[in-house]
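Working notes, beginning with the structure itself.
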Amino acid sequence: MPLKNTTTLLLHMAPYTTLPLPSLQCGTLLQSLTNSKSFSQAQQLHAHAITCGTLLQNTYLYTKLSACYAACGHMPQAQLIFDQILLKNSFLWNSMIRGYACNGFPLKSLVMYREMLNFGQKPDNFTYPFVLKACGDLLIRGIGRKVHALVLVGGFESNIHVVNSLLSMYSKFGDLAIVRLLFDKMSVRDLTSWNTVISGYVKNGEPEDAFLVFDHMRRAGGIGDGTTLLALLSACGDLMDLKMGKAIHGYAVRNVGKVCNEFLMNSLIDMYCNCDSISDARKLFEELKLRDAVSWNSLISGYEKCGDAFKVLELFSQMFVGGAIPDEVTVISVLRACNQISASRLGSSVHSFIVKRGHKVNTAVGTALVSMYANCGSLLCAHRTFDEILEKNLASWTVMVTGFGIHGRGREAIAMFYEMLGKNITPDEGIFISVLSACSHSGLVGEGKEIFYSMARDYNVEPGPTHYSCLVDLLGRAGYLDEAHAVIDNMKLKPNADVWTALLSACRLHRNVKLAEISAQKLFEMNPNGMSGYVCLSNIYAAERRWKDVERVRALVKKRRLRKTPSYSFVELNKTVHQFFVGDTSHQQSDDIYAKSKHLNEQLKKAGYKPDTSSVLYDVEEEIKEKMLWDHSERLALAFALINTGPGTTIRITKNLRVCGDCHTVIKMISKLTSREIIMRDISRFHHFRDGLCSCGGYW
DNA sequence: TTGTACCGTA
């Protein structure tokens, strides 16, 4: 009878028999439980050995028991028994060091190792792998190198397990040159050696080298296993190399075949997502028999990355039915999706879900929540959540600064930024972008300039193209067009398309046709296929009623076969997000919406509204232009919200492009007419409309 | 009285 079955049988018998199992029998059983990591059965056997008196004074059994608890990851129990053993052998020490190292307590593992040395026990070829693992996990180079030296002194440098552990440790440190040196010197390599080096290259951002090592391995006659493929799939994702990904998929089917484990399947799904092939990912997902949280998370984050927020929310609800439990990773993807479509009610119900489920709002989740609230228009909730994050990292501060910025609260954004510096957090390029654009949305020219020039001077962060375009935007919006132009001319870097785009839109705001033409020229040279520049230039000409020039730009667009991004707006009602395109008639309440628009137009005109048709790019009669303005997606969304919500309810609208000038005026007036607070998010910022005024103060 | 490793998915 195989040992495993004997074990099971004996264990089942143990509670019913008064016959004590002999010590040797207990030991064999414990060994088998150690291998299978069966904690509860170990507890049963422990109890049995106590009742029967077998355990009494039995160092052999004590040692086995401690090792078994350690292998199961129950370190307090293991430690308790360990402390009672006077005659500690190397097996016992190694078991404890392993237990701590492999169950998330690397520091304790090293403390154990130190105690072992003090105790006079010599480390052996089993000790070093765990100690090296602990050093690697803790990223402590100094101690790692010392242990390496001891390995050499002890003559373990030819032990394959020890060397494999060294490879792993140095790749965790990022010391790939040492990894390579050790690997090349190895006279015998096993699959683990290859796998360690391959995944080492992937983890350190050298996917190409990982493939080279894989080739080397194949030429040496090696066949990859699940672990090899896992690393290579990750490399395919990093390179966005779908062709290679499919090849690896084929290799997996041929060589790993039916052994195809969940890890590998999940990793394949993730690879297809990273290679922008969501349909392949979906296909695999549908084929999966057992879907765990990682399977769901992979697909969900795939949809989130490609911007399909509605699919994310759909999958999130299906996940519950599918029996998988959402975790922090799920929640972060879902919050990002809410963020994309401004689904604040949905987002806050995700927040309550987290709290109800007893999940901790840790740094990552907290940061995602802050970002969601800020991007969905609830700056207050964002701030409150931010305050609740116990350990704020740079990302947390950045989303909060961005939040204040897009809501036009520039001074608070700056204050937040300096508060962060006061906490000795080192700023990076990202947070400078946040704080600079916050200045530009609030017209804080002096403050913004000072921060820009302090970047390199005080914080050793060289301004990149994005920082320059923030500066140009800041100066340009505020009307300092010539100074903005001079900034571009004096840039240390080569100006990119974004910089010229910033100047061009400033020219539109301040109706400077001449500089606009210069900027547009530069922009089209650099990025002839970007649509926004053409739209902006057309608008500038249209505002001056220079229809021939409008026509010329239109012809250029046609020649280059470009298409304007369709404009659309979202509005959330009862946790459902409604989407409207320009001139959309597909909504079931469409007739009511247009009737409401017509009514609003009449009311506004009575209140003195004069349509500004300059954003209409067609030389048609004024009446038609006016009608075209009322087709704008943000107005359809607004009319829809006005029909379907009670008086006094705040309305939140999101638009994928910049809000047009006339819509801005109209929404201001509607906020007064209907006594509603209207919060609108466009591509660059928030507009809080209240009582006929907007928070943006003209900066948008 | 007896055996312990190294490399993996979002």
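Please read these numbers as outputs of a predicted model, since none were measured by experiment. A, B, ... follow the sequence lines: proteins, then strands. Residue 1 opens every chain.
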Would you list the atom pairs, donor with acceptor, under 3.5 Å between side chains in residues 167-175 of chain A and any protein atom, with sequence neighbours excluded?
unit_1: A/Tyr170; atom_1: OH; unit_2: A/His148; atom_2: ND1; d: 2.8
unit_1: A/Ser171; atom_1: OG; unit_2: A/Ser168; atom_2: O; d: 3.2
unit_1: A/Lys172; atom_1: NZ; unit_2: A/Asp137; atom_2: OD1; d: 3.1
unit_1: A/Asp175; atom_1: OD1; unit_2: A/Arg141; atom_2: NH2; d: 3.0
unit_1: A/Asp175; atom_1: OD2; unit_2: A/Arg141; atom_2: NE; d: 3.2

Name every donor-acceptor pair, under 3.5 Å, that has one atom in a side chain of residues 103-114 of chain A and the other anywhere in the protein, sequence neighbours excluded.
unit_1: A/Asn103; atom_1: ND2; unit_2: A/Gly99; atom_2: O; d: 2.8
unit_1: A/Ser109; atom_1: OG; unit_2: A/Ile97; atom_2: O; d: 3.1

(message) Tell me every residue that passes side chain to side chain contact (heavy atoms under 4.5 Å, CB included) with A/Asp215, counting only those two or more places apart in sequence or in another chain.
(response) A/Arg218, A/Arg219
(request) Check whether more than 12 heavy atoms from other residues, nucleotides or ligands sit under 6.0 Å from atom CD1 of A/Ile143, and answer yes or no. (result) no
(message) I want to know whether A/Phe156 and A/His161 have ring centres closer than 6.0 Å.
(response) no
(request) For each nucleotide in nucleotides 3-10 of chain B, reading 5' to 3', give B when a protein heavy atom comes within less than 4.0 Å of its base, S when such contact involves only the sugar-phosphate, and - otherwise. (result) BBBBBBBB
(message) Using a 4.0 Å cut-off on heavy atoms, which residues in residues 208-219 of chain A reach DNA chain B? List them by number, or say none.
(response) none
(request) Apply side chain to side chain donor-acceptor pair (under 3.5 Å) to A/Ser295 and list each qualifying residue two or more places apart in sequence or on a separate chain. (result) A/Asn266, A/Asp292
(message) Does this structure show an ion pair linking A/Arg282 with A/Glu286, if we count only N-O contacts that are shorter than 4.0 Å?
(response) yes
